[in-house]
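Take a look at the structure set out below.
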Amino acid sequence: MKKIESMTLIALGAALIAALSPFQIPFGPIPITLQTLAIGLVASLFRPKEATLAVIIYLLLGAIGLPVFAGGSGGFQTFYGPTAGFLLFFPLRALVTSSLAGQKGQPILIFIANLLGEVVLFFGGVIGFMLVTHKSLEIAWTSVVLPFLIPDLIKITLTTILSVILYKNLKNLAYFNKQK
């Protein structure tokens, strides 16, 4: 039963990320999306293994061409665009956030875990943007980090609120009562 439970959560996590990711606000070379909110939510509630694998499954679905990435895009070519660094660092963001959040439903811990996960994601986004566009660190910083600080703080706050609400409603399920 433990294996089925884990596989089910991974599939549900990947489905949630895929369902929210197409929603975007065009904003220069990098759009504002709900991908990070969905990944943060999954990572805040799931253990590191399930959270990370959910993100990897999501990325594989997009890589094979399903329209699950921002704006309903998909295909392997997406990993060669200006958002490639973000995509490639999504699993690490999930791992960091999930490891730090601890699946305890504590708001401050969830917020800090998501904030640190987002820092990791920004790092990957900057590296990827620089490699793909051959732009300087300064241009990468002003293109892929600076404009997203406020929107991402809003998404992290929403993620924290939703995670706490969901955890309170799900904490009686066996998955949330087990030790890591």
Side-chain angles (χ1 to χ4, degrees), residues 10-44 46 48 50-101 111 113-160 162-163:
I10 292 165
L12 286 172
L16 176 67
I17 299 165
L20 292 180
S21 292
F23 298 101
Q24 71 172 13
I25 300 170
F27 200 73
I30 312 292
I32 296 174
T33 72
L34 294 182
Q35 285 169 312
T36 53
L37 185 141
I39 292 168
L41 191 58
V42 168
S44 296
F46 293 4
E50 285 84 10
T52 305
L53 287 174
V55 173
I56 291 170
I57 295 296
Y58 159 73
L59 291 173
L60 290 172
L61 292 171
I64 64 170
L66 295 178
V68 296
F69 292 148
S73 65
F76 199 72
Q77 74 281 359
T78 311
F79 292 93
Y80 293 102
T83 61
F86 287 101
L87 292 172
L88 294 172
F89 270 64
F90 279 167
L92 186 57
R93 193 242 196 258
L95 178 64
V96 167
T97 301
S98 183
S99 297
L100 296 173
F111 185 86
N114 276 280
L115 188 64
L116 293 175
E118 201 65 18
V119 168
V120 167
L121 190 58
F122 278 139
F123 180 75
V126 166
I127 291 171
F129 186 82
M130 289 172 59
L131 290 173
V132 169
T133 64
H134 307 288
K135 303 288 184 186
S136 69
L137 177 60
E138 181 182 351
I139 291 172
W141 171 262
T142 58
S143 298
V144 303
V145 176
L146 205 52
F148 299 95
L149 292 176
I150 300 299
D152 283 6
L153 280 173
I154 293 168
K155 286 191 280 184
I156 289 169
T157 302
L158 287 171
T159 299
T160 302
L162 291 171
S163 296

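One-based numbering along the sequence shown. The figures here come from the full heavy-atom set of this structure, side chains too, leaving out hydrogens, waters and symmetry mates.
In this structure, CD1 on Ile39 lies 5.0 Å from CD1 on Ile17, to the nearest 0.5 angstrom. With rounding to the nearest 0.5 Å, the separation of CG in Leu121 from CZ in Phe89 is 8.5 Å. To the nearest 0.5 angstrom, Ile10 atom CD1 is 9.5 Å from Thr52 atom OG1. One distance of note links CD1 of Ile32 with CG of Leu37; it measures 12.5 Å at 0.5 Å rounding.
Residues meeting the side chain to side chain contact (heavy atoms under 4.5 Å, CB included) test with Leu146, sequence neighbours left out: Trp141, Thr142, Leu149. Contacts of Lys135 classified as salt bridge (Lys or Arg N to Asp or Glu O under 4.0 Å), with partners at least two apart in sequence or in another chain: none. The side-chain hydrogen bond (donor to acceptor under 3.5 Å, both in side chains) search around Ser21 returns Tyr58, not counting sequence neighbours. Taking the ring pair (Phe, Tyr, Trp, His ring centres under 6.0 Å) definition, one finds that Tyr80 meets it with Phe76, sequence neighbours left out. In this structure Leu59 satisfies the side chain to side chain contact (heavy atoms under 4.5 Å, CB included) test together with Val55, Phe69, Phe79, Leu87, Phe90, Pro91, sequence neighbours excluded. Applying the salt bridge (Lys or Arg N to Asp or Glu O under 4.0 Å) criterion to Glu50, with sequence neighbours excluded, gives no partner residue. Here Leu61 pairs with Ile57, Leu66, Val68 under the side chain to side chain contact (heavy atoms under 4.5 Å, CB included) rule; sequence neighbours left out. Checked against side-chain hydrogen bond (donor to acceptor under 3.5 Å, both in side chains), Thr33 has the following partners two or more places apart in sequence or in another chain: Gln35.
For the pair Val42 and Ala51, the tightest heavy-atom approach, listed with the atom from each and the gap, is CG1-CA, 4.0 Å. Residues Pro48 and Ser99 approach most closely at CG-OG, 3.6 Å, considering heavy atoms. Taking each heavy atom of Ser98 and Phe46 in turn, the nearest pair found is OG-O, 2.6 Å. Of all non-hydrogen atoms in Ala94 and Ala43, the two that sit nearest each other are O-CB, 3.5 Å. Of all heavy-atom pairs spanning Ala19 and Pro22, the tightest one is O-CD, 3.6 Å. Nearest heavy-atom pair, Leu116 versus Leu100, reported as atom, atom and distance to 0.1 Å: CD1-CD1, 3.7 Å.
Screening residues 84-95 for salt bridge (charged side-chain N to carboxylate O under 4.0 Å, His left out) gives Arg93-Glu118 as the qualifying pairs, with residues at least two apart or on separate chains. For residues 60-75, no residue pair satisfies the side-chain hydrogen bond (donor to acceptor under 3.5 Å, both in side chains) rule, not counting sequence neighbours. Residue pairs meeting the salt bridge (charged side-chain N to carboxylate O under 4.0 Å, His left out) criterion with at least one partner in residues 144-159, sequence neighbours excluded, are Asp152-Lys155.
Using a distance-only test at 3.5 Å, with no hydrogens or angles considered, a donor-acceptor pair links the side chain of Thr78 to the main chain of Gly75. Checked by atom type and distance alone, the side chain of Ser136 pairs as donor or acceptor with a backbone atom of Ile139 at under 3.5 Å.
Defined by atom type and a distance below 3.5 Å, a donor-acceptor pair is present between the side-chain atoms of Asn114 and Ser44.
Residues Phe86 and Val144 meet the side-chain proximity criterion, which asks for heavy atoms closer than 4.5 Å. In this structure, the side chains of Ile127 and Phe123 come closer than 4.5 Å at one or more pairs of heavy atoms. In this structure, the side chains of Ile56 and Leu60 come closer than 4.5 Å at one or more pairs of heavy atoms.
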Under the side chain to side chain contact (heavy atoms under 4.5 Å, CB included) rule, what do Met130 and Leu137 come out as? Steps first, then yes or no, please. CA-CA 7 Å; Met130 289 172 59; Leu137 177 60; 3.8 Å; yes
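The only option from Leu158, Ile25, Leu20 that meets the side chain to side chain contact (heavy atoms under 4.5 Å, CB included) definition with Leu34 turns out to be Leu20.
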